[in-house]
Amino acid sequence: MSTKVHHRSWLRVGSLVSITFVMTVVGCMRKPISAPPVPRVPDGQTVLLKALGKGVQIYGCKATAADPGKFEWSFKAPEADLTNEDGKKIGKHYAGPTWEANDGSKVVGEKKVDKPAPRPGAVPWLLLKAKTNEGTGTFARVTYIQRVDTEGGVAPATGCDQTRVNTEARVDYRANYYFYVPQR
């Protein structure tokens with residue numbers, strides 16, 4: 001009797017392993033998300049650093065300029081940690097838009113290109129040109145920044161009305177940032 005119970009247990013385990021394997025194979029066969037062309041960086045630039053930005057996009061509820069009786073979520077600023085490919089925190093991203101390395105160097109960007117993200121509910125992919133640089137460290141020579149592979153971060157579709165004026169919505173997001181410097 002105990003042999004039959006033991007045999008049934010092994011059959012169950014084997015079935016679960018088989019089902020898991022099939023689900024994994026089917027999941028891997030899904031068609032990848034088609035991405036829009038990455039905002040192109042001008043020739044003569046090379047990648048200095050790739051960082052993952054993970055945090056929030058902050059929106060404020062306010063009356064529209066066209067009709068003070070209507071309300072909308074308006075972008076205020078990002079707030080994110082920057083990590084390297086090993087998961088180590090290397091800096092932060094905040095209003096400006098500003099990227100600040102742990103060594104104190106900073107770059108403030110100015111948007112040049114805006115491409116819709118391929119993922120629904122994701123903030124656009126961007127190409128930004130450095131407007132100002134500060135310090136002598138990591139971001140001192142950065143000339144361009146790309147924001148790609150975005151997830152989340154889009155303003156809420158509802159919830160902004162007269163009763164919520166001047167409140168904030170903090171929407172989780174993540175993106176890969178590529179920092180460029182002139183080729184030598």
Side-chain angles (χ1 to χ4, degrees), residues 32-65 72-156 160 165-184:
I33 296 172
S34 61
V38 174
R40 184 171 160 76
V41 175
D43 292 337
Q45 304 294 312
T46 188
V47 175
L48 167 72
L49 173 71
K50 175 186 175 186
L52 171 66
K54 189 174 180 185
V56 294
Q57 296 282 320
I58 305 167
Y59 297 90
C61 179
K62 67 178 194 168
T64 64
E72 67 184 359
W73 291 107
S74 177
F75 179 71
K76 290 178 79 174
E79 186 178 284
D81 286 334
L82 300 174
T83 57
N84 65 14
E85 291 179 328
D86 296 326
K88 180 182 173 192
K89 184 177 175 192
I90 59 169
K92 58 187 174 180
H93 175 39
Y94 53 91
T98 304
W99 293 265
E100 182 177 344
N102 287 347
D103 62 20
S105 63
K106 300 177 187 178
V107 59
V108 176
E110 178 178 42
K111 183 170 62 172
K112 293 297 180 187
V113 179
D114 182 321
K115 298 264 186 194
R119 291 180 188 265
V123 291
W125 291 14
L126 302 176
L127 174 63
L128 303 105
K129 184 174 183 181
K131 188 165 50 171
T132 62
N133 300 73
E134 187 178 312
T136 59
T138 305
F139 293 144
R141 295 185 332 110
V142 169
T143 50
Y144 286 91
I145 304 106
Q146 283 178 320
R147 177 179 79 184
V148 297
D149 306 324
T150 55
E151 295 178 22
V154 172
C160 179
V165 170
N166 297 324
T167 61
E168 287 186 349
R170 299 169 66 83
V171 183
D172 290 343
Y173 95 105
R174 62 188 295 144
N176 283 318
Y177 291 95
Y178 290 83
F179 298 90
Y180 290 81
V181 294
Q183 288 178 338
R184 292 189 181 226

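This chain uses plain numbering: 1 for the first residue, then up along the sequence.
Separation of atoms CD (E85) and CG (N176) is listed at 8.5 Å; rounding is to 0.5 Å. Summarising the geometry, atom CG belonging to L128 is positioned 5.5 Å from atom CD1 belonging to I145; distances are rounded to the nearest 0.5 Å. Atoms NZ and CD, on K92 and E100 in that order, are 4.5 Å from each other to the nearest 0.5 Å. To the nearest 0.5 Å, the span separating NZ on K115 from CD on Q146 amounts to 11.5 Å. One finds the CD atom of E134 at 4.5 Å from the NZ atom of K106 (value rounded to the nearest 0.5 Å).
Contact annotation: the side chain of I58 approaches that of E79 to within less than 4.5 Å [non-hydrogen atoms, C-beta and beyond].
For D103 (side chain) and T138 (main-chain N/O), a donor-acceptor pair under 3.5 Å exists by modelled atom type. With hydrogens and angles ignored, the 3.5 Å screen pairs a side-chain donor or acceptor of N84 with a backbone N or O of D86. No side-chain donor-acceptor contact under 3.5 Å links Q57 to the backbone of V154. In this structure, the side chain of H93 engages the main chain of T98 through a donor-acceptor pair within 3.5 Å. For the pair Y59 (side chain) and G153 (backbone), a donor-acceptor distance under 3.5 Å is present. At distances below 3.5 Å, at least one donor-acceptor pair connects side-chain atoms of T150 with backbone N or O atoms of V123. Counting only distance, with no hydrogens or angles, the side chain of D114 and the backbone of P124 share no donor-acceptor pair below 3.5 Å.
When all heavy atoms are compared, the tightest approach of Q45 to Q183 is O-NE2, 3.5 Å.
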When you look at Y177 and R147, which way does the side-chain contact (heavy atoms from CB on, under 4.5 Å) test go after all the steps?
-> CA-CA 5 Å; Y177 291 95; R147 177 179 79 184; 3.4 Å; yes
Take T132 and V107 through the side-chain contact (heavy atoms from CB on, under 4.5 Å) test and state the conclusion after the steps.
-> CA-CA 6 Å; T132 62; V107 59; over 6 Å; no
With side-chain contact (heavy atoms from CB on, under 4.5 Å) as the test, would you mind laying out the steps for V181 and F139 before giving the verdict?
-> CA-CA 9 Å; V181 294; F139 293 144; over 6 Å; no
Can you check side-chain contact (heavy atoms from CB on, under 4.5 Å) on V56 and D172, steps first, answer last?
-> CA-CA 4 Å; V56 294; D172 290 343; 3.5 Å; yes
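Aromatic ring orientation, Y180 versus Y178: tilted (interplanar angle from 30° to 60°). Taking the six-membered ring where the residue is Trp, F179 and W99 present perpendicular rings, their angle passing 60° and hence far from 30°.
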